[in-house]
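Step one of this worksheet: look at the structure below.
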Amino acid sequence: MAGRSLPTLLFVVFQAIGRASGLQEVNDDQCNCYVTNDTSTQYYTSHTFFDFRSLNQFARVPAPIEDPYDSTNADETSRYFLDDNWTKVWGIQQWNNSDSKDNGDVPVLMVNSPNNIYIEKNNDENPASDTFMTMRTIRHKHFQSASEFESISKAYHFLSVRMYARTLGPPGAVTAMFTYRDDSGDGDIAKVQESDLEIRTQDPVDKVQYTNQPSYSTKGEGFDIPESTRNITTPVRADWTQWAVHRMDWTPKDTTWFIDDKEVASIAFQVPRDPSQVIFNCWSDGGEWSGNMTVGDDAYLQIQWIEMVYNSTGDAKTNKRSDGSSSLLFNVKREEEGCKNVCSIDESTTLGKPVLVQDDSAASTIVGLGVAYFWIPLLLAPFLI
């Protein structure tokens, strides 16, 4: 273990102890900060969990809408997507690519439709859930309908986001989970900051694309930026048609991706720097990247749950910039509050429910053990800020 920093060593110790003991499940209001498993020593201040597994009361597969205007302006498919628990975090999108289509940049008009995001009954053999959320894209005769929702907040500043999901459908679609920030206002790709996971249904089912955008430059004649992207082979029994936990950790040093807890890619090149949104989508525009779906075909991103631990800066509903200092633990928590109770989502046996791995007792006892482990905040602070 030579060469490891003190916080890394303590972090590993806490995780090892946690695995060997029964940790106490707690509510989020009992947590001052969160850690992920031993693949990262990043600290986060907030946690959110969206569970689509038991929503039978909202399950309904809506019929496709064949007119692009009507599709764009469709209502949400159930009350679930009108509830404050959803709308205070996510916004379902209705934008289209008509400008790009008119300019000849893409061959197919694409419109995002609320009609393509819905709760569906899980009819799998031996299903692991009653329901899941579906995001759909359909190739109509004269256009492509797609689906996208994005975070209301543009202030996420480092996070670990996961979805238990699969992608289904014929060639010609893309499903994605990503962070996004564009300060250009004019579509200048060089000013985009984005970390993404993309699945293309034209690719083999064991291939996934991970990128810190931009992956190409428009300068001169244009050229690719190979350092920005990885095309990886998924672990055995985890191809993108199968249910799997897809995870992305965005930290100040790099962005790292996992499938079912196995690290599959990490990119330190042009890692996003500034507060961003979180976006999920399922789409096609007939272009080279997505491919062109056959009329009448459809593809799906199906999600059983989404979970995030994250830091944020500025007003949660604006793009307010930070002062340029680090958004690690001690910058985003009030100094007097600190990080007294440390929680984990990875050591919990209940999805969406954190466990306490370090509390604020006099000796900072690791819950579940009869032995006290001394926590010295002043010793750790220089490593965390």
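Below, each value reflects all heavy atoms present in this structure, side chains not excepted, and no hydrogens, waters or symmetry copies.
Distance check for Cys343 and Cys33: the SG atoms are not under the 2.5 Å cut-off.
Using a 4.5 Å cut-off on side-chain heavy atoms (C-beta onward), Leu356 and Ser344 make no contact. Within the 4.5 Å cutoff, no side-chain heavy atoms of Ser312 are placed close to those of His157. Side-chain contact check for Tyr44 versus Thr251: some heavy-atom pair is nearer than 4.5 Å. Annotation: side chain of Gln94 is in contact with side chain of Pro114 (closest heavy-atom distance under 4.5 Å). You'll find the side chain of Asn122 stays beyond 4.5 Å of the side chain of Asp130, heavy atoms only.
Residues Phe52 and Phe132 keep their aromatic ring centres 6.0 Å or farther apart. In this structure, Trp250 has its ring center no closer than 6.0 Å to that of Tyr310.
Geometric assessment of Arg230 against the ring of Tyr210 yields a negative cation-pi assignment under the 6.0 Å and 45° thresholds. The side-chain tip of Arg200 points at the ring of Trp289 from less than 6.0 angstrom away and within 45° of straight on. Remark: Arg247 fails to qualify as a cation-pi partner of Tyr164 under the 6.0 Å distance and 45° angle criteria applied to the six-membered ring.
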Step-by-step side-chain hydrogen bond (donor to acceptor under 3.5 Å, both in side chains) determination, Trp95 to Glu148: CA-CA 9 Å; Trp95 59 269; Glu148 178 172 293; 3.1 Å; yes
Please step through salt bridge (charged side-chain N to carboxylate O under 4.0 Å, His left out) for the pair Asp124 and Arg166, ending with a clear verdict. CA-CA 12 Å; Asp124 292 352; Arg166 66 183 177 188; 3.0 Å; yes
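Without hydrogens or angle criteria, Thr167 side chain to Thr241 main chain gives no donor-acceptor distance under 3.5 Å. At least one donor-acceptor pair under 3.5 Å links the side chain of Asn97 to the backbone N or O of Val108. Between the Arg60 side chain and the Thr77 main chain, a donor and an acceptor come within less than 3.5 Å of each other. Side-chain atoms of Asp206 do not come within 3.5 Å of backbone N or O of Thr233 as any donor-acceptor pair.
Remark: of the listed residues Glu150, Met248, Met308, Met308 is the sole one forming a side chain to side chain contact (heavy atoms under 4.5 Å, CB included) with Val278.
Annotation for Lys262: atom NZ does not count as buried by contact number, only 12 or fewer foreign heavy atoms lying within 6.0 Å. Atom OH of Tyr216 has 12 or fewer neighbouring heavy atoms from other residues, nucleotides or ligands inside a 6.0 Å radius.
Classified by interplanar angle (parallel below 30°, tilted 30° to 60°, perpendicular above 60°), the ring pair Trp305/Phe49 is tilted.
A salt bridge links Arg181 with Asp183; the closest basic N to acidic carboxylate O contact falls under 4.0 Å. Under the 4.0 Å criterion applied to side-chain N and carboxylate O atoms, Asp261 and Arg162 are not assigned as salt-bridge partners.
Taken together through direct or relayed side-chain contacts under 4.5 Å among Ile, Leu, Val, Met, Phe, Trp and Tyr, Val106 and Phe143 form parts of separate hydrophobic clusters.
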